[in-house]
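To start, I am sharing the structure in question, which I have written as structure tokens.
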Protein chains: 2
Amino acid sequence: MADQHELRDKGLRLTPQRELVLAAVRELGHSTPEEVAEKVRLTHPGINLSTVYRNLETLENVGLVQHTHLGHGGATYHAAEELTHLHLVCGKCEAVGDAPLEIAATFVNALSDEYGFKTDVSHFAIYGTCSNCQ
Amino acid sequence: MADQHELRDKGLRLTPQRELVLAAVRELGHSTPEEVAEKVRLTHPGINLSTVYRNLETLENVGLVQHTHLGHGGATYHAAEELTHLHLVCGKCEAVGDAPLEIAATFVNALSDEYGFKTDVSHFAIYGTCSNCQ
DNA sequence: TAGTTGGTGCGAATAATTCGCAACTCGCTT
DNA sequence: AAGCGAGTTGCGAATTATTCGCACCAACTA
């Protein structure tokens, strides 16, 4: 019912580290591996960065989290459930805003119809300047 | 007339390295610093990677080239002139396809009207799967 | 409860990018 | 034509981000 089943159903072992990484991603929304590690350390100080990286990768493989490249170099992770919006990335303040998927529907359809390109909404990041930074 | 004026008009010195870096970006289209360096080395074998990085940054500052994060970690650079299309990045084969800006016009307008978010088309990268990889 | 197998911690290895600094050269000034 | 000063370059070291190898440990299975 809890995370237990969720992870074990995917064929993964249930370790405190893994649970915490998943929980952190869910709570933080968009976050870098570093931020996830920081969050996890609040309750499990000894966790190793490598473990965070490995768990993020593992969790991504089983489809519980996903990552996107929202700018700079670093990847940011978010829970798979949270795919109901687009990411609006501000190039100035680096804030990540959200917008409903529907707003892009016709655009996505056009790309599909005219170019055979299937847009991956989970990786859909849009760069620009947010209203606060203009 | 040639690159000479173009660079000097921007207040930059005209060095062979700089000219070559700019020429390489223009010829290569989307390319990583590493690829630019490789290209430049064809005619100027001794060029240092640092110099390529610095020139890309310099050229970007004066608006002659721009960069985008099209996936993974690395940034890719392209000439500023070449901003007349969107980048369709295939997550599988990593190919970068193009589509005209107009296809996103209504979408961009909607983001502006409803969220006050000004989309930067030069950084507009769309993730998905291209027609060949489906 | 004991075994096997995946998972963790840790430190080293890579990769990508940036920096510091001394030598060089571009372009302006005599 | 020669000189000077600032912008540039090359090079190696320093960073940052991420991955690996390996020995130890713990989660699930029988």
Side-chain angles (χ1 to χ4, degrees), chain A residues 2-25 30-38 40-41 43-62 64-77 94, chain B residues 1-25 30-38 40-41 43-62 64-65 67-77 94:
Chain A
D3 285 347
Q4 297 216 350
H5 292 123
E6 181 177 20
L7 289 170
R8 305 216 36 215
D9 286 351
K10 301 287 189 177
L12 299 179
R13 280 199 196 165
L14 185 65
T15 68
Q17 291 90 334
R18 188 162 285 162
E19 279 185 288
L20 288 165
V21 167
L22 178 54
V25 170
H30 317 280
S31 48
T32 63
E34 199 67 51
E35 291 166 339
V36 171
E38 232 171 275
V40 172
R41 289 205 179 102
T43 52
H44 188 117
I47 197 170
N48 195 280
L49 236 196
S50 303
T51 299
V52 173
Y53 274 101
R54 280 184 296 222
N55 275 323
L56 287 172
E57 190 185 331
T58 301
L59 292 171
E60 181 157 36
N61 284 338
V62 298
L64 288 172
V65 308
Q66 298 195 297
H67 81 277
T68 318
H69 300 276
L70 297 182
H72 333 76
T76 67
Y77 287 80
E94 306 201 351
Chain B
M1 188 122 257
D3 284 348
Q4 296 215 351
H5 291 122
E6 181 176 17
L7 289 171
R8 305 217 36 218
D9 285 352
K10 300 288 188 177
L12 300 179
R13 278 202 197 163
L14 185 65
T15 68
Q17 292 90 333
R18 188 162 286 162
E19 279 186 288
L20 288 165
V21 166
L22 178 53
V25 171
H30 317 281
S31 50
T32 63
E34 199 66 51
E35 290 166 340
V36 171
E38 231 171 274
V40 172
R41 289 204 180 104
T43 51
H44 189 117
I47 198 170
N48 195 281
L49 238 195
S50 304
T51 300
V52 173
Y53 274 101
R54 281 183 295 222
N55 273 323
L56 287 172
E57 189 186 332
T58 302
L59 292 171
E60 183 158 36
N61 285 338
V62 299
L64 288 172
V65 308
H67 81 278
T68 318
H69 300 276
L70 297 181
H72 325 79
T76 68
Y77 287 80
E94 307 200 351

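Predicted model, so just to flag it, every value in this text is computed and none were measured. Convention: sequence-line order gives letters A, B, ...; per-chain numbering from 1.
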Item to check | Check against side chain to side chain contact (heavy atoms under 4.5 Å, CB included), B/T58 and B/L12 | outcome: CA-CA 9 Å; B/T58 302; B/L12 300 179; 3.5 Å; yes
Checklist entry - Hey, does the side-chain of B/R13 have a donor or acceptor N/O within less than 3.5 Å of a partner on the base of D/dG7? => result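 Such a pair exists between side chain and base.
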Next on the checklist: Expressed as a whole number of angstroms, how long is the span from A/L12:CG to D/dT29:P?
Outcome noted: 13 Å
Item to check | Phosphate contact (D/dA26 OP1 or OP2) by A/Q17 side-chain N/O below 4.0 Å | outcome: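 A/Q17 to D/dA26 OP1/OP2: no side-chain N or O under 4.0 Å.
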Item to check | Rounded distance (Å) that lies between atom C1' of D/dT8 and atom CG of B/L59 | outcome: 13 Å
Checklist outcome for this item: Nearest-nucleotide check on DNA chain C, A/T51 vs B/P33; residue mapping nearer the 5' end is A/T51
Next on the checklist: Checking contacts here: which listed nucleotide (C/dG9, D/dA17, C/dT17) is nearest the side-chain heavy atoms of A/Y53?
Outcome noted: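 The answer is D/dA17, which lies nearest to the side chain.
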Checklist entry - Is there a side chain to side chain contact (heavy atoms under 4.5 Å, CB included) between A/Q17 and A/V40 once you walk through the steps? => result CA-CA 8 Å; A/Q17 291 90 334; A/V40 172; over 6 Å; no
Checklist entry - Taking atom P of C/dA16 as reference, at what distance in whole Å does atom OH of B/Y77 sit? => result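 Taking atom P of C/dA16 as the reference, OH of B/Y77 is at 14 Å.
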Item to check | Spacing of A/R54 atom CZ relative to C/dT5 atom P, expressed in whole Å | outcome: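 About 19 Å, once rounded to whole Å.
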Checklist entry - A/L7 and A/T15: side chain to side chain contact (heavy atoms under 4.5 Å, CB included), yes or no, with the steps? => result CA-CA 9 Å; A/L7 289 170; A/T15 68; over 6 Å; no
Checklist entry - Distance check: side-chain N/O of A/N48 vs OP1/OP2 of C/dG7, anything under 4.0 Å? => result no
Checklist entry - Which of these nucleotides, C/dC10, C/dG27, D/dT8, is closest to any side-chain atom of B/L14? => result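 Selected nucleotide: C/dG27.
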Checklist entry - Is there side-chain contact between A/L64 and A/K10, with heavy atoms separated by less than 4.5 Å? => result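 Contact flag for A/L64/A/K10 side chains = yes.
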Checklist entry - Does B/L49 or B/P16 map to a spot on DNA chain C nearer the 5' end, using the closest nucleotide for each? => result B/L49
Checklist entry - Within this structure, what is the CD-to-P distance between B/E34 and C/dT18, rounded to whole angstrom? => result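 Going from CD in B/E34 over to P in C/dT18 covers 13 Å.
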Checklist entry - Do B/S50 and D/dG12 share a donor-acceptor pair, side chain to base, under 3.5 Å? => result yes
Checklist entry - Roughly how many Å is it from NE2 in A/H44 to P in D/dA26, rounded to a whole number? => result 11 Å
Checklist entry - In whole Å, what is the span from the CD atom of A/E57 to the P atom of D/dA17? => result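 These atoms are roughly 18 Å apart.
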Checklist entry - Quick one: does B/T15 reach the base of D/dG7 with a side-chain donor-acceptor pair under 3.5 Å? => result no
Checklist entry - Whole Å only: how far is the NE2 atom of B/H67 from the P atom of C/dT17? => result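 Between P of C/dT17 and NE2 of B/H67: 10 Å.
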Checklist entry - Is there a donor-acceptor pair under 3.5 Å between the side chain of B/R18 and the backbone N or O of B/R13? => result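 Pair found, side chain donor or acceptor close to backbone of B/R13.
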